[in-house]
Amino acid sequence: MTTTGPARLGPDADPVRPGPTSPITLIVDGEPVRGVEGQTVAGVLLGAGRLTWRTTRHGRPRGVFCGIGVCHDCLVTVNDLADVRACQRRAVDGDTITTGEPQ
Amino acid sequence: MSVETPDVLVVGAGPAGLAAADAARRAGAQVVLLDAAGDAGGQYWRHLPAERPAADERVLHHGWDKFTALRGQELLTDAQVWLAERHDDRPPTLHVLVGPADGNERTPRTFAPKALVLATGAYERTLPFPGWDLPGVFTAGAAQALAKAERIAVGRRVLVAGAGPFLLPVASSLLRTGAGVVGVFEANGWSRLRKAWTARPAELLSTRHKAGELAGYVRDLARNRIPYRTGTAVIAAHGTDRVTAVTVARLDPEWAPVPGTERRLDVDAVCVSHGFVPRTELAVSAGCGLDAYGAVVTDENGRTSVPGVYAAGEITGIGGADLALAEGVIAGLAAANAATTSAASTSAAGTANVGVTEEQRRARRDNQRFADRLERAHGIRPGWAGWLGDDTVVCRCEEVTAGDLKAGAAATGSRGLRSLKLSTRAGLGVCQGRVCGRTVEELLHRHTGGLLDPGRTASRPLAAFVRMGELAAANHPEESA
């Protein structure tokens with residue numbers, strides 16, 4: 001486990017006393033990434049420790065900024081559909097996520 | 001496609017919209033309540049999805065019992081309003097797409113309500129600083145949303161900074177999500193805070209439960225030995241592909257950094273909030289008048305300048321959840337009253353009794369005073385521009401810098417916001433100026449000696465991002481009226 005960057009809190013340490021969850025797997029740039037049902041695409045990516053998944057025209061990295069669908073920093077391609085806000089889109093088991101600028 | 005004609009349509013299911021829909025239903029109106037998100041609650045009661053039940057979710061919230069009482073209402077979720085089609089003699093017709101966010105096969109629905117309540121809330125105002133576009137720099141609201149709805153901590157060594165009481169619940173949420181918080185830095189100094197918060201103490205009595213909330217946050221900070229510093233701000237973030245450190249500095253009362261007070265702190269995330277901006281896209285496209293702060297103008301019954309259109313909550317001015325609840329009740333009752341009585345009797349209903357009790361009106365007034373106090377204590381001061389460099393990005397989408405804005409104004413000699421936006425491209429990117437709009441206006445205002453057309457960044461032809469294919473598939477607005 002890394003000791004820096006974003007992380008999803010494990011159920012044992014969580015004061016909200018979470019119930020059971022159902023695992024899901026997204027295919028992100030060809031690699032499986034695990035999350036739980038009910039997460040957004042951004043939640044799955046951040047939960048896996050990933051902070052950045054896009055670059056601007058000038059090559060600056062971008063990930064989540066506003067987290068509520070306003071800033072459009074977190075755009076991804078979901079199942080071949082470009083320009084989806086990762087923080088707003090509910091992740092579905094088996095979704096194919098492509099990061100970076102759409103082709 | 002058929003046009004649906006409910007008595008009352010409520011847009012937004014946060015505190016204001018939930019309260020409005022509930023009040024309108026209790027008054028006997030047929031109500032449709034919709035929200036762009038997948039569940040009720042808005043940002044304030046943002047919570048875990050149904051697929052992730054938790055026994056003690058209330059430890060992350062205030063007013064959870066109130067939410068539990070309001071959330072059982074019928075709600076149309078994942079419903080994005082993208083166009084308000086105006087009419088002269090009745091509320092606008094709203095065009096809605098229902099389905100997964102930013103999808104391309106959503107179901108179009110059209111509503112021509114007898115009365116419309118807008119409760120679209122607010123989003124954060126984050127002032128730019130060098131490095132604020134590095135990954136790992138978040139709005140405080142992002143940290144809060146990720147903690148509450150995902151149980152994700154944005155980092156392990158997190159600094160929370162900006163202005164306003166919202167910084168405190170964000171720090172508490174981070175702590176309950178496993179993050180380490182290195183400090184909470186408020187830009188305003190003690191003298192301003194003390195003056196605003198201790199004036200006319202009797203007024204605070206009716207909102208004294210907020211003091212209990214505050215005490216809880218302070219306890220969280222004390223228990224974890226987290227410093228709360230006033231008159232201090234993050235003036236730069238450092239790192240190559242992610243934030244690894246920040247520079248903080250003391251601010252003078254006008255928020256100008258005090259030279260020689262800079263300090264570097266190692267962090268892996270920064271959460272920044274300098275206040276909130278009313279989310280008025282829909283209100284603007286419906287034709288509602290705004291005040292100088294960009295909030296929707298309403299009368300004491302929540303009526304906007306457009307007949308049949310009401311507004312409640314943060315879009316009428318930033319005042320927090322209690323004020324939003326109070327305004328929601330009043331707007332919901334007034335809308336229900338207007339929708340279910342004849343046109344002749346409502347035309348003069350501006351100050352008429354619409355079923356609002358004196359107690360409900362008092363709740364609104366008391367919380368309004370609290371909101372005024374908030375602005376006096378925490379409102380943005382102009383000195384912040386002192387921490388910008390010429391190469392500091394202001395518009396994140398189009399990567400327009402502070403220097404570009406200055407040069408654009410000098411080169412063209414223009415004092416027109418519209419023309420300067422077109423020549424610099426500031427605010428023309430994918431977020432449509434939602435993040436940088438006010439900042440761009442303020443900076444251009446200074447560089448030009450005064451803009452001729454301020455306030456224009458809130459005007460957008462479409463209230464939300466829609467795909468061309470969906471636009472073509474949805475029926476043409478003129479055919480649906």
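What's counted below: heavy atoms across the whole structure, side chains too, no hydrogens, waters or symmetry copies. Computed from a predicted structure; not experimentally measured.
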Seminar exercise, completed: residues 6-25 of chain A vs salt bridge (Lys or Arg N to Asp or Glu O under 4.0 Å), sequence neighbours excluded, gives A:Asp14-B:Arg151, A:Arg17-B:Asp56

Exercise. Do you know which of A:Thr56, A:Thr55, A:Thr21, A:Val44 has the most heavy-atom pairs under 4.5 Å to chain B?
Worked result: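 Among the listed options, the one with the most contacts to chain B is A:Thr56.
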
So which of [options] has the largest heavy-atom pair count under 4.5 angstrom toward chain A?
options: B:Gly136, B:Gly429, B:Ala143, B:Ala37; answer: B:Gly136
options: B:Val272, B:Val393, B:Val137; answer: B:Val137
options: B:Arg58, B:Gln144, B:Arg279, B:Arg157; answer: B:Arg279
options: B:Val435, B:Asp133, B:Val267, B:Val430; answer: B:Asp133
options: B:Glu57, B:Arg467, B:Glu399; answer: B:Glu399

For this session: Look up atom CG in A:Asp73 and atom SG in B:Cys431, then write down how far apart they are to the nearest 0.5 Å.
Result: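 Result: 8.0 Å between the selected atoms.
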
Exercise. SG of A:Cys71 to CZ of B:Arg396: how many Å apart, nearest 0.5 Å?
Worked result: 6.0 Å

Problem set entry | B:Asp268 side chain vs A:Thr4 backbone, donor-acceptor pair below 3.5 Å |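 No: the side chain of B:Asp268 does not pair with the backbone of A:Thr4.
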
Of the non-hydrogen atoms in [X] and [Y], which two are nearest, and what is the gap between them?
X: A:Gly63; Y: B:Pro135; value: N-CG, 4.5 Å
X: A:Gly5; Y: B:Arg242; value: CA-NH2, 3.4 Å
X: A:Ile68; Y: B:Ala145; value: CG2-CB, 4.3 Å
X: A:Gly43; Y: B:Glu150; value: CA-OE1, 3.5 Å
X: B:Gly178; Y: A:Leu9; value: CA-CD1, 4.1 Å
X: A:Cys66; Y: B:Thr139; value: O-OG1, 3.3 Å

With a 4.5 Å heavy-atom cut-off, do [X] and [Y] have their side chains touching?
X: A:His72; Y: B:Gln432; answer: no
X: B:Asp241; Y: A:Thr52; answer: no
X: A:Arg90; Y: B:Asp78; answer: no

Exercise. How would you list, in number order, the residues of residues 29-42 of chain A that have a heavy atom less than 4.5 Å from chain B?
Worked result: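 So far as heavy atoms go, A:Val36, A:Glu37, A:Gly38, A:Gln39, A:Thr40 are the residues that approach chain B to under 4.5 Å.
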
Exercise. Does the side chain to side chain contact (heavy atoms under 4.5 Å, CB included) test come out yes or no for A:Phe65 and B:Thr126, once each step is laid out?
Worked result: CA-CA 10 Å; A:Phe65 178 61; B:Thr126 305; 4.0 Å; yes

Problem set entry | For B:Arg438, all residues meeting salt bridge (Lys or Arg N to Asp or Glu O under 4.0 Å), sequence neighbours excluded |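 B:Arg438 satisfies salt bridge (Lys or Arg N to Asp or Glu O under 4.0 Å) with no residue once adjacent residues are dropped.
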
Problem set entry | Set of residues satisfying side-chain hydrogen bond (donor to acceptor under 3.5 Å, both in side chains) with respect to B:Gln43, sequence neighbours excluded | B:Arg46

Exercise. Under the criterion side chain to side chain contact (heavy atoms under 4.5 Å, CB included), which of A:Asp83, A:Val84, A:Leu81, A:Asp80 is the partner of B:Asn104?
Worked result: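 So, applying the side chain to side chain contact (heavy atoms under 4.5 Å, CB included) to B:Asn104 and each of A:Asp83, A:Val84, A:Leu81, A:Asp80, only A:Leu81 qualifies.
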
For this session: Sort B:Val154 into side chain, backbone, both or neither according to what part of it lies under 4.5 angstrom from a heavy atom of chain A.
Result: backbone

Exercise. Could B:Asp102 and A:Arg89 be called an ion pair, given the rule that one side-chain N must be under 4.0 Å from one carboxylate O?
Worked result: no

